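What you see is a predicted model; the values in this text were computed from it and never measured. Below, chains carry the letters A, B, ... as their sequence lines are ordered, and counting in each starts from 1.
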Amino acid sequence: MVFADPFETLFNFQQTLDALRASSWLESMPSGGGPYPPLNVFRKGDDFVIITEIPGVKASDLDIKVRGNAIRIAGIKTVDYSDKASRHRRERMAGSFDRTVTIPVEIDPEQVKAQFRDGILVLYLPRAERDKPKSIKVV
Amino acid sequence: MRTDRATRKMEDTMAKSRALEVQEKKELASKEETTVPAKYYVPNTDIYETDDALTVVMEIPGVEKKNLAVHVENDVLRVEGRIDFSKYEGLEPVYTEYNVGNFVRAFNLSSKIDQDKVGAQLDDGVLTLTLKKAKQAMLRRIPIS
């Protein structure tokens with residue numbers, strides 16, 4: 001992907017995202033406690049990248065675990081108000097979440113990196129070296 | 001007043017134990033059309049009022065401080081946040097559950113706001129705007145002698 005025209009790029013990117021939505025890739029999992037947070041899964045060469053939007057969640061309230069090819073993202077989102085305030089509008093939701101997803105490749109748990117910035121959690125999931133396909137030379 | 005506070009406490013406790021559900025992102029249904037076909041989204045917003053200020057809390061995940069514009073003009077508060085799409089460079093989507101786009105939202109402010117005293121803070125994708133009320137709009141308590 002080349003990002004030449006930012007508007008064109010944005011439009012194409014959004015179309016790709018929409019086209020892929022409601023695919024059954026992550027469905028029928030044995031575990032999984034609710035669909036929050038919504039996930040986008042990307043491939044970057046051999047590796048996978050999971051991006052999710054969790055605005056208002058503190059890094060200290062996040063619990064991320066990796067085992068085999070399963071990733072568990074759990075945490076609590078709190079919405080605080082001053083007691084004396086009168087509420088005009090309330091759209092933000094608070095609560096707890098716990099979601100486990102399985103990736104179709106084995107990942108190297110030691111190399112997993114998590115980055116949390118501006119309410120976006122990015123998980124870099126490198127494919128385990130032994131899981132990578134080997135090319136066989138024909139003699 | 002007391003029952004109100006008690007209800008609120010209960011609500012908050014319930015909210016903490018409740019499992020979160022996905023809130024589908026609302027696309028902006030604008031009266032005017034944009035010149036580009038890309039989608040814009042409406043951020044989830046809480047608004048609450050205290051005696052001296054109006055607080056607006058918006059969820060704009062992925063928007064950096066430098067890509068955020070907040071304006072108060074003619075009693076209209078307008079927030080626009082842009083997403084940096086270069087971060088998605090080299091990533092090939094394989095499975096998606098939400099779309100990504102810039103955020104726009106505007107509110108008509110009912111009580112008079114002191115336009116010079118607008119505080120803005122961005123933490124973990126949540127923008128908190130504190131709009132101080134102008135002196136004449138503030139609630140005056142009359143002491144009873």
Side-chain angles (χ1 to χ4, degrees), chain A residues 1-3 6-11 13-14 16-18 20-21 23 25-26 33-45 48-49 51-59 76-79 81-98 116-120, chain B residues 4-5 8-9 12 14-25 35-39 43-51 53-65 83 85-102 107 110 122-126:
Chain A
M1 268 192 274
V2 184
F3 285 72
F7 295 118
E8 181 78 20
T9 318
L10 168 54
F11 181 54
F13 183 66
Q14 289 183 331
T16 321
L17 289 184
D18 261 349
L20 278 160
R21 285 188 63 172
S23 85
W25 210 62
L26 288 186
Y36 190 93
L39 307 174
N40 279 346
V41 185
F42 298 89
R43 193 161 48 206
K44 194 180 185 183
F48 280 86
V49 179
I51 304 182
T52 180
E53 292 186 342
I54 41 170
V57 177
K58 289 178 194 76
I76 302 164
K77 180 180 165 182
T78 47
V79 174
Y81 298 98
S82 147
D83 229 17
K84 280 181 187 151
S86 63
R87 291 169 190 176
H88 291 220
R89 198 179 264 274
R90 194 177 179 183
E91 296 170 358
R92 301 174 60 218
M93 308 251 277
S96 59
F97 56 91
D98 192 339
F116 183 56
R117 195 182 293 158
D118 297 321
I120 300 243
Chain B
D4 185 38
R5 197 164 293 174
R8 206 175 279 179
K9 273 247 162 67
D12 287 341
M14 276 165 68
K16 269 178 198 128
S17 56
R18 195 164 41 207
L20 264 175
E21 280 171 27
V22 174
Q23 288 171 280
E24 189 72 25
K25 267 196 191 173
T35 51
V36 287
K39 288 173 182 169
N44 288 326
T45 306
D46 282 351
I47 299 179
Y48 53 90
E49 189 179 344
T50 52
D51 285 346
L54 192 71
T55 308
V56 178
V57 187
M58 281 188 183
E59 292 184 344
I60 45 168
V63 177
E64 285 174 53
K65 223 193 274 179
I83 299 284
F85 280 90
S86 65
K87 284 181 181 157
Y88 290 92
E89 209 167 334
L91 297 179
E92 179 198 340
V94 285
Y95 171 78
T96 61
E97 288 178 341
Y98 68 90
N99 212 323
V100 179
N102 300 328
F107 289 104
S110 52
L122 186 64
D123 289 307
D124 298 327
V126 177

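- The shortest distance between side-chain heavy atoms of A:I51 and B:L91 falls below 4.5 Å.
- Of all non-hydrogen atoms in B:V22 and A:P38, the two that sit nearest each other are CG2-CD, 4.0 Å.
- The structure places CG of B:L20 at 10.0 Å from CD1 of A:I76, a figure rounded to the nearest 0.5 Å.
- Closest approach of A:R87 and B:Y48 over heavy atoms only: CA-CB, 4.0 Å.
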query = Given A:V79 and B:V57, is the side-chain contact (heavy atoms from CB on, under 4.5 Å) satisfied, shown in steps?
reply = CA-CA 10 Å; A:V79 174; B:V57 187; over 6 Å; no
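- Listed options A:K58, A:R92, A:M93, A:H88 were ranked by heavy-atom pairs under 4.5 angstrom with chain B; first place goes to A:R92.
- In terms of heavy-atom pairs under 4.5 angstrom with chain A, the leader among B:T45, B:L122, B:D46, B:D124 is B:D46.
- If you take CG on B:D123 and CG on A:D118, they are separated by 10.0 Å, rounding to the nearest 0.5 Å.
- Taken from CD in B:E89 to NZ in A:K44, the straight-line distance is 9.5 Å, to the nearest 0.5 Å.
- Rounding to the nearest 0.5 Å gives a distance of 3.5 Å between CD of B:E59 and NZ of A:K77.
- How far CD1 of B:I60 is from CD1 of A:I120: 11.0 Å, rounded to the nearest 0.5 Å.
- Using a distance-only test at 3.5 Å, with no hydrogens or angles considered, a donor-acceptor pair links the side chain of B:E97 to the main chain of A:L39.
- B:Q23 places a side-chain N or O within donor-acceptor distance of the main-chain N or O of A:E91, the cut-off being under 3.5 Å.
- In terms of heavy-atom proximity, A:G119 sits nearest to B:P61 at O-CB, 3.9 Å.
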